[in-house]
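Scroll down for the structure; my scribbles are underneath it.
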Amino acid sequence: MIKGFKIFKNAISADDRRLLVHDLRLAVERAPLYRSYTPSGQPLSVRTTSMGRYGWYSDAAGYRYVTRHPNGTKWPAIPAPLLNLWGLLVSTDRAPDSCLLNYYSGTAKMGLHRDNDEVDFSWPVLSISLGDDALFRVGGMARGDATQSVWLSSGDVVVMGGDARRAYHGIDRIKFGTSRLLAHGGRINLTLRVAK
DNA sequence: GAGTACCG
DNA sequence: GGAT
């Protein structure tokens with residue numbers, strides 16, 4: 001596995017997961033899930049929203065961070081438990097300014113890509129899995145490099161720093177119905193970042 | 001011409 | 001590995 005890639009299995013307790021989902025439900029009421037598009041016009045299979053000063057957005061104009069939801073409102077605040085987790089696992093010098101929420105239905109996936117739209121790659125990305133199990137694939141610095149796969153489950157936390165911050169990664173598939181955390185099933189992935 | 005959050 |  002790439003250096004700088006850390007998995008914390010079961011890092012969030014079952015109680016805290018439920019509290020977190022409650023916070024996220026409030027955020028999604030104000031900033032509903034929407035679909036992003038690749039620059040070539042293909043819709044992503046995940047549905048997305050964000051919290052924090054910046055949200056990740058993409059359409060024909062490309063991948064970027066924006067300060068407002070497509071509905072014109074500012075993104076909701078990042079819930080305090082997530083900021084605390086960042087302080088514990090990443091840094092207390094600076095808080096993240098973006099938390100991307102991707103919802104995976106039973107058939108959603110995420111192709112191999114690199115998080116490439118941030119200003120300073122020295123800040124790690126912190127990723128949280130909630131709900132159904134997901135098959136996570138990690139490669140190297142080049143698209144054709146060998147990859148490894150690992151199953152992530154609800155409450156797992158991944159930190160990608162150092163070399164791993166620039167590594168290709170994606171989600172091959174979800175194992176629908178493996179968790180009862182989310183009322184309608186599926187998976188939520190949260191990624192905390194310093195975007196700008 | 002580079003790089004790929006899509007597809008096959 | 002494309003087509004964009």
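Chain letters run A, B, ... following the sequence lines, proteins first, then strands; residues in each count from 1.
Between B:dT4 and B:dG8, the two C1' atoms lie 14 Å apart (nearest whole Å). B:dA2 sits 23 Å from B:dC6 when the P atoms are compared, rounded to a whole Å.
Note: A:His69 and A:Trp75 have perpendicular aromatic rings, judged against thresholds of 30 and 60 degrees for the angle between ring planes. Classification of the A:Tyr54-A:Tyr65 ring pair by plane angle, with boundaries at 30° and 60°, yields perpendicular.
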- Query: Which string of ( ) [ ] | and . matches DNA chain C, if you list each base 5' to 3' and count Watson-Crick or G-U pairs only when both distances are under 3.5 Å?
  - Reply: |||.
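Shown here are the side-chain hydrogen bond (donor to acceptor under 3.5 Å, both in side chains) partners of A:Thr67, two or more places apart in sequence or in another chain: there are none.
The side chain of A:Ser40 sits closest to C:dT4 out of B:dT4, B:dC7, C:dT4.
The distance between atom OH of A:Tyr37 and atom C1' of B:dC6, rounded to the nearest whole Å, is 12 Å. Rounded to an integer number of Å, the gap from CZ of A:Arg143 to P of B:dC7 is 12 Å. The nearest whole Å value for the distance from the CZ atom in A:Arg137 to the P atom in B:dT4 is 16 Å. Look at CG on A:Leu44: it is 12 Å from C1' on B:dT4, rounded to the nearest Å. Per the geometry, CG belonging to A:Asn116 stands 16 Å off P belonging to B:dA2, to the nearest Å. Counting to the nearest Å, the C1' atom of B:dC7 and the CG atom of A:Leu112 are 13 Å from each other. Computed from coordinates, the A:Arg35 CZ to B:dC6 P distance equals 11 Å when rounded to whole Å.
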- Task: Tell me, with the steps shown, if A:Tyr104 and A:Phe176 meet ring-ring contact (aromatic ring centres under 6.0 Å, His included).
- Result: CA-CA 10 Å; A:Tyr104 293 75; A:Phe176 191 81; over 10 Å; no
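For A:Tyr168 and B:dT4, the shortest distance from a side-chain N or O to OP1 or OP2 is below 4.0 Å. Side-chain N/O atoms of A:Lys109 include none lying less than 4.0 angstrom from OP1 or OP2 on B:dC6.
The cluster map of Ile, Leu, Val, Met, Phe, Trp and Tyr, joined by side-chain heavy atoms under 4.5 Å apart, puts A:Val158 and A:Leu89 in different clusters.
Taking a pair to require two hydrogen-bonding distances under 3.5 Å in either a Watson-Crick or a G-U wobble arrangement, B:dG1 remains unpaired.
Under the side chain to side chain contact (heavy atoms under 4.5 Å, CB included) rule, A:Thr49 has a single partner from A:Leu100, A:Leu101, A:Asn102, A:Leu24, which is A:Leu101.
Contacts of A:Asn189 with the nucleic acid, taken as non-hydrogen atoms under 4.0 Å apart, are absent.
A salt bridge links A:Arg193 to A:Asp115: at least one charged side-chain nitrogen sits closer than 4.0 Å to a carboxylate oxygen.
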